[in-house]
K.L.:
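Submitted below is the structure of interest, expressed as structure tokens.
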Amino acid sequence: ADRPIAYAAVTFHDEDRFFDVSDMSRDLFERAMNIKRAGDESPLAITIHAMFDRLRIRSVPAQTKPYRPLADVLADIPPVDLENIRGTMVGYYTPDTLRTIQAPGYHLHFISADRQTGGHVLDFHITAGRIIFDTGDRIQVIFPTNTLGAIVE
């Protein structure tokens, strides 16, 4: 499509529940979160404050016109592997029933404690940290009323 759009997933994160973890891979995180959700297919906002012994991220640099498809841009950007870094991950769990609004599953972004690096999280291993989540009972989508935004292809 050649429509300009602006999109962001935002929330006022209320701490519904939290749990402290150690020695946790991304796979174990997702399995633990699925158990904590206990079949609840509501969206979740997630914050993780932690020390990571291993973290793989990717960050897309600013793009210029003509904008290439995102898949093409991502193919040219190698992931960055970080070790022994403290920081915060934030993101969402989106149930499959909302896949037309947001990609289903867990989607997380990272910012280092010193605010020097960050990006989209591809993989991680937590040494020790706290996972905080906020369950939601609704999603509000607001469409832009102007022509600002990026071209989506």
K.L.:
So, Arg68 and Asp76, do they make that salt bridge, N to O below 4.0 Å?
P.N.:
yes
K.L.:
What are the two closest heavy atoms between Ile126 and Ala50, and how far apart are they?
P.N.:
CG2-CB, 3.8 Å
K.L.:
What's the shortest heavy-atom distance between Ala103 and Thr94, and which atoms?
P.N.:
O-CB, 3.6 Å
K.L.:
Could you go through Leu55 and Phe110, starting from their C-alpha distance and side-chain angles, then the distance that decides it, and tell me whether this counts as side-chain contact (heavy atoms from CB on, under 4.5 Å)?
P.N.:
CA-CA 9 Å; Leu55 183 67; Phe110 173 80; 3.5 Å; yes
K.L.:
Do the two ring centres, one from Tyr106 and one from Tyr92, sit under 6.0 Å apart?
P.N.:
no
K.L.:
If you round to the nearest 0.5 Å, how far is OH of Tyr93 from NE2 of His107?
P.N.:
15.0 Å
K.L.:
Measuring from atom CZ of Phe18 to atom CD1 of Ile131, what distance do you get when rounded to the nearest 0.5 angstrom?
P.N.:
12.0 Å
K.L.:
Just wondering, do Pro95 and Pro43 contact through their side chains at under 4.5 Å, heavy atoms?
P.N.:
yes
K.L.:
Does one hydrophobic cluster hold both Val90 and Ile57, with members joined at side-chain heavy-atom distances below 4.5 Å?
P.N.:
no
K.L.:
Tell me whether the guanidinium CZ or amine NZ of Lys36 lies under 6.0 angstrom from the six-membered ring centre of Phe133 and within 45° of its axis.
P.N.:
no
K.L.:
If the threshold is 4.0 Å, N to carboxylate O, is there a salt bridge linking Arg37 and Asp40?
P.N.:
no
K.L.:
Decide yes or no for Val21 and Leu28: does some side-chain heavy atom of the first lie under 4.5 Å from some side-chain heavy atom of the second?
P.N.:
no
K.L.:
Contact between Ser112 and Leu82 at the side-chain level, heavy atoms closer than 4.5 Å - yes or no?
P.N.:
no
K.L.:
What's the separation between atom CE in Met24 and atom CZ in Arg31, rounded to the nearest 0.5 Å?
P.N.:
9.0 Å
K.L.:
Tell me whether Ile48 shares a hydrophobic cluster with Met51, the cluster being built from Ile, Leu, Val, Met, Phe, Trp, Tyr side chains joined at under 4.5 Å.
P.N.:
no
K.L.:
Locate the shortest heavy-atom distance separating Leu44 from Met33; write the atom from each residue and the value.
P.N.:
CD1-CE, 3.7 Å
K.L.:
To the closest 0.5 Å, what do you measure between CD (Glu30) and CD1 (Ile35)?
P.N.:
12.5 Å
K.L.:
Is Ile111 reachable from Val80 through a run of hydrophobic residues whose side-chain heavy atoms are each under 4.5 Å from the next?
P.N.:
no
K.L.:
With sequence neighbours left out, which residue pairs that include part of residues 52-62 fulfil the salt bridge (Lys or Arg N to Asp or Glu O under 4.0 Å) condition?
P.N.:
Arg54-Asp123, Arg56-Asp81
K.L.:
Which heavy atom of Arg26 sits nearest to which heavy atom of Leu122, and what is that distance?
P.N.:
NH1-O, 3.6 Å
K.L.:
Can you name the closest pair of heavy atoms from Ile132 and His49 and give their distance?
P.N.:
CD1-CD2, 3.9 Å
K.L.:
Quick one: closest heavy-atom pair of Gly119 and Ser59, and the distance?
P.N.:
CA-CB, 4.3 Å
K.L.:
Can you classify the ring geometry of His120 versus His109 as parallel (below 30°), tilted (30 to 60°) or perpendicular (above 60°)?
P.N.:
perpendicular
K.L.:
Given the rule in the side-chain contact (heavy atoms from CB on, under 4.5 Å) test, do Thr88 and Thr47 qualify, once you have shown the distances and angles that lead to the verdict?
P.N.:
CA-CA 7 Å; Thr88 299; Thr47 300; 3.8 Å; yes
K.L.:
Would a hydrophobic clustering, with Ile, Leu, Val, Met, Phe, Trp and Tyr connected at side-chain separations under 4.5 Å, put Phe19 with Phe124?
P.N.:
yes
K.L.:
So, taking the atom named CG in Asp72 and the one named OH in Tyr67, what distance separates them when rounded to the nearest 0.5 Å?
P.N.:
16.0 Å
K.L.:
Distance alone, cut at 3.5 Å: any donor-acceptor contact between the side chains of Ser25 and His125?
P.N.:
no
